[in-house]
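When a ligand or atom number is given, it counts from 1 through the structure's own listing order. In what follows, every heavy atom counts, from backbone to side chain, and hydrogens, waters and symmetry copies are set aside. As the structure is a computational prediction, the values presented were derived from the model and not from experiment.
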Amino acid sequence: MGRYAMLEARDVSLSYGATQALRDVSLRVEDGASVALMGASGSGKSSLLHCLAGVIVPDEGAVLIDGIDVTGLPDKDRSRFRLERMGVVFQFGDLVPELTLVENVMLPLQLLGRRTKQARSRARELLDLLGVADLADSRTGAVSGGQAQRAAVARAMVHEPRLVLADEPTGSLDSINAEAVLDALVDLTRGAGATLLVVTHDNVVASHLDTLVTLHDGRVLSAPVNV
Ligand SMILES: Nc1ncnc2c1ncn2[C@@H]1O[C@H](COP(=O)(O)OP(=O)(O)OP(=O)(O)O)[C@@H](O)[C@H]1O
């Protein structure tokens, strides 16, 4: 076990008004490990993922990425940290519908200052790995949910992040497509030695990952178990 986990939540609590979504959640994911985050609808999975990604700052507790307390960073620095170090696949995707798939996938690289030509060719490589190379120049608003989801995975991986967080990345897909997208996500992260946390309702998805963490009413139900 390294001195720092790649991802650590320490006693994270979060409320939306009167609704307490997370209660003293602690979690530790070692570098290179993969975790399935499960639990019933409303148990707090997306809220925790948003806290881990630094999109939401918890009311109490801290999130540490590779030993760095991101909860303490100013908003701008937290966004930059996310861009540089993490790949995030959000539950409902958040691709720009007016842009093509390849333009969406290139975005993180362009924001990181890479040359357009280099960014475009890397983005095409990822779209190819995810089986949607032929749609690279299609507008995102004109492809299916599953195809857009593949592009969202490509965009999360394009800058080779050390940490990938994915919220129901296969939720809108049929089982064959879900399996293919998940295999690609797991293969790419394992190949890169990156750390992966996937929010899912699906036991088959969870079985592809090293350990399982279950939330119940905003609390961690059990210590991580091997699946
Ligand atoms: N923006 C919000 N405003 C108010 N309440 C919210 C908000 N987002 C989530 N909640 C509430 O917080 C609790 C946890 O929600 P969360 O979306 O984190 O659960 P989840 O486990 O991801 O659910 P699902 O599996 O349905 O996506 C729920 O009671 C939910 O209604």
Side-chain angles (χ1 to χ4, degrees), residues 6-29 33-65 70-71 73 75 78-79 81-82 86-95 144-146 148-153 155-156 161 163-175 177-179 181-182 185-186 189 195-225 227:
M6 176 51 72
L7 176 62
E8 190 176 355
R10 287 186 188 161
D11 298 321
V12 165
S13 294
L14 175 74
S15 293
Y16 304 98
T19 305
Q20 186 155 17
L22 298 172
R23 302 162 197 261
D24 296 326
V25 171
S26 293
L27 180 75
R28 190 182 158 99
V29 186
S34 64
V35 176
L37 182 61
M38 298 188 81
S41 182
S43 59
K45 303 180 298 295
S46 294
S47 300
L48 181 57
L49 183 127
H50 285 118
C51 288
L52 297 174
V55 176
I56 298 179
V57 177
D59 302 326
E60 285 172 62
V63 171
L64 287 85
I65 310 290
V70 292
T71 32
L73 297 176
D75 285 355
R78 217 172 42 252
S79 299
F81 189 91
R82 184 166 59 247
M86 298 186 206
V88 187
V89 185
F90 290 101
Q91 188 169 13
F92 301 109
D94 63 341
L95 300 177
S144 75
Q149 197 69 309
R150 287 168 194 252
V153 171
R155 190 185 55 178
L163 174 63
V164 179
L165 305 174
D167 196 353
E168 295 276 0
T170 60
S172 60
L173 307 182
D174 60 63
S175 58
N177 273 304
E179 187 88 13
V181 169
L182 190 79
L185 183 62
V186 172
T189 44
T195 306
L196 174 65
L197 180 138
V198 180
V199 168
T200 183
H201 280 110
D202 186 341
N203 286 315
V204 178
V205 171
S207 71
H208 284 71
L209 306 170
D210 300 335
T211 54
L212 167 65
V213 172
T214 306
L215 287 185
H216 179 73
D217 283 346
R219 291 186 196 279
V220 176
L221 192 62
S222 57
V225 290
V227 286

Could you tell me, atom by atom, which parts of ligand 1 come under 4.0 Å of a heavy atom of [X]?
X	answer
Lys45	18 (O), 19 (O), 20 (P), 21 (O), 22 (O), 23 (O), 24 (P), 25 (O)
Ala21	12 (O), 13 (C), 14 (C)
Ala40	21 (O)
Ser43	19 (O), 21 (O)

[atom]: which protein heavy atom is closest, and how many Å away?
atom	result
atom 23 (O) of ligand 1	Gly42 N, 2.9 Å
atom 18 (O) of ligand 1	Ser47 OG, 2.6 Å
atom 26 (O) of ligand 1	Ser41 OG, 2.6 Å
atom 27 (O) of ligand 1	Gln91 NE2, 3.6 Å
atom 29 (O) of ligand 1	Thr19 CG2, 3.6 Å
atom 2 (C) of ligand 1	Tyr16 CD2, 3.5 Å
atom 22 (O) of ligand 1	Ser46 N, 2.8 Å

- Apply the test side-chain contact (heavy atoms from CB on, under 4.5 Å) to residues Gln149 and Val89: give CA-CA distance (whole Å), side-chain angles for both, the deciding distance (0.1 Å), then the verdict. CA-CA 8 Å; Gln149 197 69 309; Val89 185; 4.3 Å; yes

Residue-level breakdown please: for His201 versus ligand 1, do any non-hydrogen atoms fall below 4.0 Å on the side chain, on the backbone, on both, or on neither?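 Contact part for His201 vs ligand 1: side chain (C-beta onward).
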
With a 4.5 Å heavy-atom cut-off, do [X] and [Y] have their side chains touching?
X	Y	result
Leu14	His50	no
Leu22	Pro58	no
Met38	Asn203	yes
Glu168	Val205	no

Approximate separation, where rounding is to 0.5 Å, of [X] [atom1] and [Y] [atom2]:
X	Y	atom1	atom2	value
Leu165	Ile65	CG	CD1	7.0 Å
Leu182	Thr200	CG	OG1	8.0 Å
Arg23	Glu60	CZ	CD	12.5 Å
Leu27	Leu7	CG	CG	6.0 Å

At the 4.0 Å heavy-atom cut-off, does Gly17 count as touching ligand 1?
no

Could a heavy atom of Gly44 be found less than 4.0 Å from some atom of ligand 1? yes

### Task
Would you sort out whether Val29 and Met6 count as a side-chain contact (heavy atoms from CB on, under 4.5 Å), showing the intermediate values?
CA-CA 6 Å; Val29 186; Met6 176 51 72; 5.7 Å; no

- Task: Considering only protein heavy atoms, determine whether one is less than 4.0 Å from atom 20 (P) of ligand 1.
- Result: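 So atom 20 (P) of ligand 1 has protein heavy-atom neighbours under 4.0 Å.
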
